[in-house]
Colleague: 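Attaching a single structure in structure tokens format; questions to follow.
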Amino acid sequence: MCDRQADLENSFELPSYFCTDAAIFYKQGQLRAQVNFRNLFGVDYFDSARDLLRVHPGEPFTVQGTISREF
């Protein structure tokens, strides 16, 4: 993997990263339940940057659940 240019002027780089997401769901008739896992292995990474002083970290391990019904 290669480092990434962090701004339009290419004045500095952010390190590359590899993030894994997963999801499981169950559907029964009109009901659906889903669980999403983001950053499954808790990788520390920088998502983006505005400049050298404003570098934004990526999201930590996150779990999101959803229940929905079709009409």
Side-chain angles (χ1 to χ4, degrees):
M1 287 188 253
C2 300
D3 290 343
R4 305 171 284 141
Q5 297 300 325
D7 61 1
L8 294 176
E9 292 81 30
N10 296 335
S11 62
F12 69 103
E13 295 180 337
L14 293 176
S16 61
Y17 66 93
F18 185 81
C19 210
T20 304
D21 298 337
I24 55 174
F25 71 92
Y26 176 77
K27 185 173 181 180
Q28 171 100 24
Q30 295 177 326
L31 294 176
R32 178 180 169 131
Q34 182 170 336
V35 180
N36 295 345
F37 303 94
R38 296 191 189 119
N39 195 0
L40 192 59
F41 301 113
V43 173
D44 292 327
Y45 66 97
F46 297 110
D47 185 43
S48 62
R50 302 271 323 223
D51 55 41
L52 190 56
L53 298 176
R54 292 183 282 183
V55 178
H56 306 285
E59 291 187 33
F61 172 69
T62 306
V63 178
Q64 178 183 11
T66 306
I67 297 175
S68 60
R69 179 176 178 199
E70 294 178 2
F71 292 99

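Not measured: the values here are computed from a predicted model.
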Colleague: Quick check: closest heavy atoms across Q34 and A23, and the distance to 0.1 Å?
Modeller: NE2-CB, 4.2 Å
Colleague: Report, as yes or no, whether the 6.0 Å neighbourhood of atom CG on N10 holds more than 12 heavy atoms from other residues, nucleotides or ligands.
Modeller: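 Atom CG in N10 is crowded, with more than 12 foreign heavy atoms closer than 6.0 Å.
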Colleague: Distance from R38 atom CZ to T20 atom OG1, nearest 0.5 Å?
Modeller: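 Answer for the CZ-OG1 pair, R38 versus T20, is 14.0 Å.
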Colleague: How about V63 and V35: do any of their side-chain heavy atoms sit closer than 4.5 Å?
Modeller: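 With C-beta onward as the side chain, the pair touches.
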Colleague: Return the CG to OG1 distance between N39 and T62, rounded to the nearest 0.5 Å.
Modeller: 7.0 Å
Colleague: Would L52 end up clustered with F46 when hydrophobic side chains under 4.5 Å apart are linked, directly or stepwise?
Modeller: yes
Colleague: Please lay out, stage by stage, how Y17 and D44 fare under the test side chain to side chain contact (heavy atoms under 4.5 Å, CB included).
Modeller: CA-CA 8 Å; Y17 66 93; D44 292 327; over 6 Å; no
Colleague: With a 4.5 Å cut-off on side-chain heavy-atom distances among I, L, V, M, F, W and Y, is there a chain of contacts connecting F61 to F41?
Modeller: yes
Colleague: Under 4.5 Å between any side-chain heavy atoms of R4 and E13, yes or no?
Modeller: no
Colleague: Are any of the side-chain heavy atoms of Y45 and L14 separated by less than 4.5 Å?
Modeller: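 Counting from C-beta outward, Y45 and L14 never come under 4.5 Å.
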Colleague: Are there over 12 heavy-atom neighbours, none belonging to Q28, within less than 6.0 Å of that residue's CD?
Modeller: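 Atom CD in Q28 is not packed in, count stays at 12 or less.
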Colleague: Got a sec: does the CZ of F25 have more than 12 other heavy atoms crowding it under 6.0 Å?
Modeller: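 No, CZ of F25 has 12 or fewer neighbouring heavy atoms, counting only those of other groups under 6.0 Å.
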Colleague: How about F37 and D21: do any of their side-chain heavy atoms sit closer than 4.5 Å?
Modeller: no
Colleague: If I take atom NE2 from residue H56 and atom CG from residue D47, how far apart are they, to the nearest 0.5 angstrom?
Modeller: 8.5 Å
